[in-house]
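See below for the structure under consideration.
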There are 2 protein chains.
Amino acid sequence: MNAPTAASQPRTRIQREKRELILEAALEVFSSHGFRGSTIDQIADAAGMSKPNLLYYFRNKEEIFQTLIHRLLDTWLAPLRELDEAGDPETELRSYIRRKIEMSRDYPRESRLFANEILQGAPRIMEMLRGELKPLVDEKAKVIRGWMRTGKLATADPYHLIFAIWATTQHYADFDVQVCAVLGPDRGGEGRFEDAARFLEKLFFDGLRPR
Amino acid sequence: MNAPTAASQPRTRIQREKRELILEAALEVFSSHGFRGSTIDQIADAAGMSKPNLLYYFRNKEEIFQTLIHRLLDTWLAPLRELDEAGDPETELRSYIRRKIEMSRDYPRESRLFANEILQGAPRIMEMLRGELKPLVDEKAKVIRGWMRTGKLATADPYHLIFAIWATTQHYADFDVQVCAVLGPDRGGEGRFEDAARFLEKLFFDGLRPR
DNA sequence: TTAGGATTTGTCCAACCGGTAAAAAATGCG
DNA sequence: CGCATTTTTTACCGGTTGGACAAATCCTAA
């Protein structure tokens, strides 16, 4: 009687497993074609089931996307949340940069999913940006400003600093094909993430002016 | 007799004007929905004509996209081309950053067009990346490495430096809605580009470690 | 074992999408 | 003007897409 699409919590083992399977497939498909560019058939294929079967677990395409992106947000924001006011500013920011580069290496699909959505004007996640992202950034911007006031960090706009860290680190996930095309076949190996991390830590703390 | 779709050069005044009109509309539509997410109807609407009429000027959707992106590439790479080996390294890089930020402010659609395409694996522009972008970056990377050897610039990987400049500056075009959502209504005005330029110049040259 | 719910499949549909064909209208030129 | 050429419109087509629905099958607990 109870269709799983109506249930907020899956009732059976199968429902839990299949919903996971679908979300994994949806991540794969949505992250590489965007919302409009992805079809339910593609997701169903990737999940190894028929379209009607998939639609038994999710009301529609929109609901798959929403479920997926809401579930991923916490993972995605985790590195920023871990920024610890009590820690040493330089150490904290260095490991934030490192963690973000590792996320680009290990979870590029998640990065591209968000990038795709924001690029198209974030019509489906604007709430999340204002409701969860902004408060978190506001909070951490205060922390960074506090660090700057102690003199342990040069004074700069903390918001643009956070943007700069996002941009540079996520670049290696979102624009991976470009990075690889420019670096060429010899330098395009897995080492690029380690190189990027080293470069960025140096750039962010020392800058380009020789000392 | 001669259909304009077969002609490399438009023959009449109307053909020149209408093709321009279509490309302008296509930029608007492609840049905000990506290739697959855009429909010929949307572009035709934006250009104020019917779909068959549009298809009188371009063979198909693919040709509109290719024409558009090839025409835009030069504009897009112009700032990097202007990097002058003979100039002062710091001045040259500062104005490169400024120009790129100005491009994000003045031509955000062009930035998003490329971003959208690269995010989805660059299936339609991979040739351009390898054939035009890589050689240019290789050349400019050599220039930057030369500057570093003179001691006027700290030593760092020039490729990752270029990536970092692209990432941070284009972020303000590609992720504009996120930037605005995080900065909030009070700081979301046009000043954000000027703030960004100031922040980035300082970051790239001085870094975050207090002096 | 078996009834009742959970799951899966096959079938179908209306809207949309890229693109074509041909007729109609507008344009330009001698 | 008269006529050829260019441009626009109308009508249409085959394929795809999101989604509905009911029949068939599977599972599980009593």
Side-chain angles (χ1 to χ4, degrees), chain A residues 1-23 25-26 28-30 32-69 120 123-124, chain B residues 1-26 28-30 32-69 116 120 123-124:
Chain A
M1 178 177 264
N2 249 316
T5 54
S8 45
Q9 299 288 16
R11 294 163 197 288
T12 73
R13 175 185 54 86
I14 292 183
Q15 282 179 30
R16 240 175 298 125
E17 289 173 2
K18 294 276 164 125
R19 281 178 66 102
E20 283 311 309
L21 201 66
I22 292 168
L23 289 174
E28 187 68 31
V29 176
F30 280 139
S32 52
H33 304 295
F35 183 80
R36 281 206 55 184
S38 304
T39 72
I40 301 183
D41 263 319
Q42 285 176 319
I43 300 172
D45 275 358
M49 64 179 75
S50 66
K51 183 170 62 171
N53 196 183
L54 184 151
L55 286 170
Y56 171 71
Y57 293 101
F58 290 90
R59 227 185 298 275
N60 50 37
K61 192 173 158 184
E62 185 75 31
E63 197 185 272
I64 309 172
F65 188 87
Q66 288 291 345
T67 306
L68 183 61
I69 211 156
Q120 318 205 345
R124 277 165 287 270
Chain B
M1 181 179 264
N2 252 314
T5 55
S8 45
Q9 301 287 17
R11 294 162 199 287
T12 73
R13 177 184 53 88
I14 293 185
Q15 283 178 30
R16 239 175 298 124
E17 289 174 2
K18 294 275 163 128
R19 281 177 66 101
E20 282 312 310
L21 201 66
I22 292 168
L23 290 173
E24 158 64 27
E28 186 68 31
V29 175
F30 280 139
S32 52
H33 304 296
F35 183 80
R36 279 205 58 185
S38 304
T39 72
I40 301 184
D41 263 318
Q42 285 176 321
I43 300 172
D45 275 359
M49 64 179 74
S50 66
K51 181 170 60 171
N53 196 182
L54 184 151
L55 286 169
Y56 171 72
Y57 292 101
F58 289 90
R59 226 185 298 276
N60 51 37
K61 190 175 160 182
E62 186 76 31
E63 197 185 270
I64 308 172
F65 189 87
Q66 289 291 345
T67 306
L68 184 60
I69 211 156
N116 243 316
Q120 317 205 345
R124 276 166 287 270

Can you tell me how far apart CG (A:Leu54) and CG (A:Asp41) are? Round to the nearest 0.5 Å. 9.5 Å
If we only count heavy atoms from C-beta on, is the B:Asn116 to B:His33 side-chain gap below 4.5 Å? no
Just to confirm, is there a sub-4.0 Å distance from OP1 or OP2 of C:dC17 to any side-chain nitrogen or oxygen of A:Arg36? yes
Distance below 4.0 Å between A:Gln15 side-chain N/O and C:dT7 OP1 or OP2: yes
Looking at every strand, decide which applies to A:Lys51 at a 4.0 Å heavy-atom threshold: base, sugar-phosphate, or nothing. base
Check the distance between D:dC26's P and A:Met49's CE and give it to me in whole angstrom. 17 Å
Which angle, rounded to 10°, do you find between the first-five-pair axis and the last-five-pair axis of the helix from C:dT1-D:dA30 to C:dG30-D:dC1? 10°
Quick one: A:Phe30 CZ to D:dG18 C1', roughly how many Å, whole number? 12 Å
Distance in angstrom units between B:Glu63 CD and C:dG19 C1', rounded: 13 Å
For A:His33 and D:dG18, what is the distance between atoms NE2 and C1' respectively, to the nearest whole Å? 17 Å
I need the A:Ile22 CD1 to A:Asn53 CG distance, nearest 0.5 Å. 7.0 Å
So, taking the atom named CE in A:Met49 and the one named OH in A:Tyr57, what distance separates them when rounded to the nearest 0.5 Å? 6.5 Å
So does B:Ser50 get a side-chain nitrogen or oxygen closer than 4.0 Å to the phosphate oxygens (OP1/OP2) of D:dT8? no
Strand-adjacent residues in residues 37-45 of chain A, judged by heavy atoms under 4.0 Å from DNA chain D: A:Ser38, A:Thr39, A:Ile40
Rounding to a whole Å, what distance do you find between B:Phe65:CZ and C:dG18:P? 14 Å
Is the shortest side-chain heavy-atom distance between A:Leu21 and A:Glu17 below 4.5 Å? no
Do A:Thr39 and A:Lys51 touch side chain to side chain, with heavy atoms closer than 4.5 Å? no
Between B:Lys61 and B:Ser38, is there a donor-acceptor pair closer than 3.5 Å when you use the side chain of the first and the backbone of the second? yes
Please give, in whole Å, the distance from D:dT6 C1' to B:Glu17 CD? 14 Å
For C:dT9 and A:Asn53 - does any side-chain N or O of the residue sit under 4.0 Å from the phosphate oxygens OP1/OP2? yes
Evaluate the ring planes of A:Phe30 and A:Phe65, with Trp represented by its six-membered ring, and classify them as parallel (under 30°), tilted (30 to 60°) or perpendicular (over 60°). perpendicular
From CZ of A:Arg59 over to C1' of D:dG19, roughly how many Å is that when rounded to an integer? 13 Å
Whether A:Tyr57 contacts C:dA6 is assessed here as follows: a side-chain N or O lying under 4.0 Å from the phosphate OP1 or OP2. Is that the case? no
Separation of A:Leu55 atom CG from D:dA20 atom P, in whole Å? 8 Å
Donor-acceptor contact below 3.5 Å, side chain B:Arg124 vs main chain B:Gln66: no
Could you measure the distance from the CZ atom of B:Phe58 to the CG atom of B:Leu68? Nearest 0.5 Å is fine. 8.5 Å
B:Tyr56 side chain N/O closer than 4.0 Å to the phosphate oxygens (OP1, OP2) of D:dT7? yes
